[in-house]
Amino acid sequence: MTEATQSVVVPDIGDADGVEVIELCLQPGDAVAVDDAVLVIESDKASMEIQSTVAGVLANFTVALGDVVNTDQVVAEITVASAAAVESAAVESAAVESAAVESAAVETAPSTPPGAAETPAGSAAELEVRLPDIGEAGEVVVIELGAAEGDTVSAQQMLVVVESDKASMDIVAPADGVLLRLAVGEGDSVGEDALLAVMSTTGAASAGKPAAAKTETAATAQAPVAPQQAAAAVAANQEPEVRAAPTPERHASGLAPPPTQAAAPAKNTVIYAGPAVRRMARELGVDLGQVTGTGARGRVVKDDVSLFVKTSLANGGANGGAVAAGSGIPQIPEIDFARYGEVSLVPMSRILRRGATNLHRSWLNVVHVTQHDEADITELEDFRRGLKAEGERRGNKITPLAFIAKACAFMLTQHPKFNCSLDSKVENLVMKSYINIGFAVDTPDGLLVPVVRDADKKGVWELAAEINELAAKARNKKLTPTDLQGGSFSISSLGSLGGTGFTPIVNAPEVAILGVAKLATKPQWNGTEFVPRKMLPLSLSYDHRAINGAEAGRFVTELSAVLADMRRVML
Ligand code: CAO
């Protein structure tokens, strides 16, 4: 059987200058089925999965997370089993593409979808909410209801979510008012112009002036977006699929809510997820409103749903959304800070949110202890400074971190337990015969930990070059998933910033992390007198379930000795 490569390209994204790659759904080497999501692109306001039109194996991505891509750009390559398959896929792909172009053409034409229509007869205050023009999609399925009959709803609040094979969309309330009737239920298939709901406007209900309220609503109502418009929406930066969750009730006193309320899971105020994720959540019975999204702009990705389910199972199925709710840990009360002065909300970046989830998970799972020491690196610093000119010739900057990485890699060969992981039942140590060292990089968007593979097999120049390259990639948003995976030990260096020590959080499932603070010249007793020495503060946090205190003490003491005299690496 012959092998051939099929390119995955960006479909027509209309007039947009480019859209961002926010998720790589697979890894090179993964098996791909037809219609599998390969990656996700997103503008400020909408997102879209790019799916494979062939079955095969993902050969490589030609773009990275954070890249901006355009129509027809090749984003990945898939190895398929035979040339015939490629040919037929090409035909199929061309057909899909022309359909997309057609659809985009329809969508960009001015449309007047009957999203909100006044009820012709009967109460003049009533508004019908109907499914807008869905083009050739035929029918879409109602996958979620955002409000119940009798609920007071505000303009732009999500009433119904519908989904086609490729995209999901929110149908929002066209005006403030009361939801009088839902004409559909979850699972219903609906076509263009189907009646979804009937609502009354607030003006009619409260002010008793239906005619005026209707006119105002008609003028301000915003037409919902059709599901197959996802690509065009990505391109045109249309309104986001954003839904306001019901505002959590507050205690009348304005103080922290009573325990029963505190235990209630706080819903996400924004739910942003692709159709595949929504489908997965539906199948598993997961309420997406309770899942912390770690994708771009808080987008919920499949891993988030998996983690939510795992956590829920670990908590005996009692997961109320926040890990804390089912784990017996009291939740921090929700405070209305605006009661005490002006406040504003700054959305956390994807990296920050993901980091928060990972750190919280490590913090809750790992039994942390931190061992502190100081290494006398006076000679090492003299040696390193002496290499500066050579570094400039090589175009390679060498900082203490490269030597610290080298020393740690050596120490891990001597103390392999610090390079292990615990298995999920905490019954075995998973010993690794590779030494991959991650190091924390501070980027404008948050903390990232790229990994230097096989650090024990590399020299200091090579380690320095790789650290510099990975740090630059992290800051330029060019890291690939592979760059971030497979670490077995981490280093967090705040040495260039200052400080005398800190307690780093173990990057679970690793069991140890070395924190490095700023070296300082201090008086040291040499047996006869005090002499100035350059002392480097080290803080080793470790998982006490895997490593005992004496082992950690030995590790740090020996590490200090190695840094004091790197010739020990050769012994
Ligand atoms: N003591 C004194 N000076 C130090 C030092 C230390 N421990 N470590 C580095 N320096 C010096 C370097 O030598 C360099 O000075 P010169 O140019 O004169 O040699 C200067 O500080 C700047 O170093 P750098 O930051 O460019 O390079 P680095 O290799 O030390 O660090 C990186 C690279 C990516 C780790 C770092 O830039 C970074 O992002 N650190 C933050 C990590 C972080 O956020 N950790 C916290 C995570 S837990 O919340």
Side-chain angles (χ1 to χ4, degrees), residues 5-11 13 18-43 46-71 73-80 89 92-93 96-97 100 143 163-168 227 230-231 233-234 241 271-284 286 288 291-310 350-351 353-354 357-358 448 477-486:
T5 301
Q6 171 74 16
S7 298
V8 178
V9 297
V10 178
I13 57 166
V19 290
E20 189 183 337
V21 176
I22 59 155
E23 192 182 337
L24 303 177
C25 308
L26 302 164
Q27 286 192 47
D30 281 355
V32 189
V34 174
D35 286 345
D36 271 3
V38 178
L39 50 72
V40 183
I41 53 175
E42 187 175 74
S43 71
S47 63
M48 174 191 196
E49 285 174 354
I50 298 185
Q51 298 169 338
S52 174
T53 54
V54 292
V57 172
L58 181 68
N60 62 292
F61 284 107
T62 53
V63 292
L65 274 181
D67 279 3
V68 172
V69 295
N70 282 290
T71 302
Q73 183 172 339
V74 174
V75 288
E77 284 170 335
I78 292 173
T79 306
V80 290
E92 200 181 311
S93 155
V96 169
E97 216 171 287
I143 59 164
E163 184 181 83
S164 71
D165 281 353
K166 307 243 165 133
S168 57
V234 168
E241 294 177 13
I271 302 170
Y272 205 13
V277 175
R278 287 180 187 277
R279 200 173 308 125
M280 178 182 176
R282 231 176 21 258
E283 282 165 9
L284 295 172
V286 170
L288 279 176
V291 180
T292 302
T294 59
R297 302 174 188 96
R299 194 168 182 280
V300 179
V301 297
K302 282 187 172 177
D303 281 353
D304 300 328
V305 178
S306 302
L307 176 64
F308 180 89
V309 172
K310 278 185 202 156
R350 179 179 63 88
I351 293 173
R353 291 169 68 106
R354 182 166 295 201
T357 305
N358 293 344
L448 285 167
K477 301 183 181 177
K478 294 289 179 203
L479 288 175
T480 64
T482 314
D483 291 331
L484 294 161
Q485 290 164 354

Query - Gap separating the OG1 atom of Thr294 from the CZ atom of Arg353, nearest 0.5 angstrom - result: 8.5 Å
Query raised in the report: Val75 and side chain to side chain contact (heavy atoms under 4.5 Å, CB included): which partner among Val9, Val10, Val38, Ile41?
Result: Val10
Query raised in the report: Between Leu479 and Leu448, is any pair of side-chain heavy atoms under 4.5 Å apart?
Result: yes
Query - Chi angles and distances behind the side chain to side chain donor-acceptor pair (under 3.5 Å) call for Thr480, Asp483 - result: CA-CA 5 Å; Thr480 64; Asp483 291 331; 3.2 Å; yes
Query raised in the report: Does Ser52 use its side chain to pair, donor to acceptor, with the backbone of Val54 at less than 3.5 Å?
Result: yes
Query raised in the report: Say you draw a straight line from CD1 of Ile22 to CZ of Arg350; how long is it, rounded to the nearest 0.5 Å?
Result: 8.0 Å
Report task. Starting at CG of Leu58, measure out to CG of Asp30 and round the result to the nearest 0.5 Å. Result -> 6.5 Å
Report summary line: In terms of heavy-atom contacts, Ala64 and Val21 come closest through O-CB, 3.7 Å
Query raised in the report: Distance from Leu288 atom CG to Asp304 atom CG, nearest 0.5 Å?
Result: 9.5 Å
**Report entry** Pairs flagged by salt bridge (Lys or Arg N to Asp or Glu O under 4.0 Å) wherever residues 62-71 is involved - sequence neighbours left out
**Finding:** Asp67-Lys478
Query - Test log, rule side chain to side chain contact (heavy atoms under 4.5 Å, CB included), inputs Glu49 and Glu23 - result: CA-CA 9 Å; Glu49 285 174 354; Glu23 192 182 337; over 6 Å; no
Report task. Look at the side chain of Arg278 and the backbone N and O of Ile143, then say whether any donor-acceptor pair between them is shorter than 3.5 Å. Result -> no
Report task. Report the distance from atom NZ of Lys310 to atom CG of Asp303, rounding to the nearest 0.5 Å. Result -> 8.0 Å
Query - Reported CG-to-CG distance for the pair Leu24 and Leu26, which is rounded to 0.5 angstrom - result: 8.5 Å
Report summary line: For Ser306 and Met280 the tightest heavy-atom approach is OG-CE, 3.4 Å
Report summary line: On a heavy-atom basis, the closest approach of Val305 and Ala281 is CG1-CA, 4.3 Å
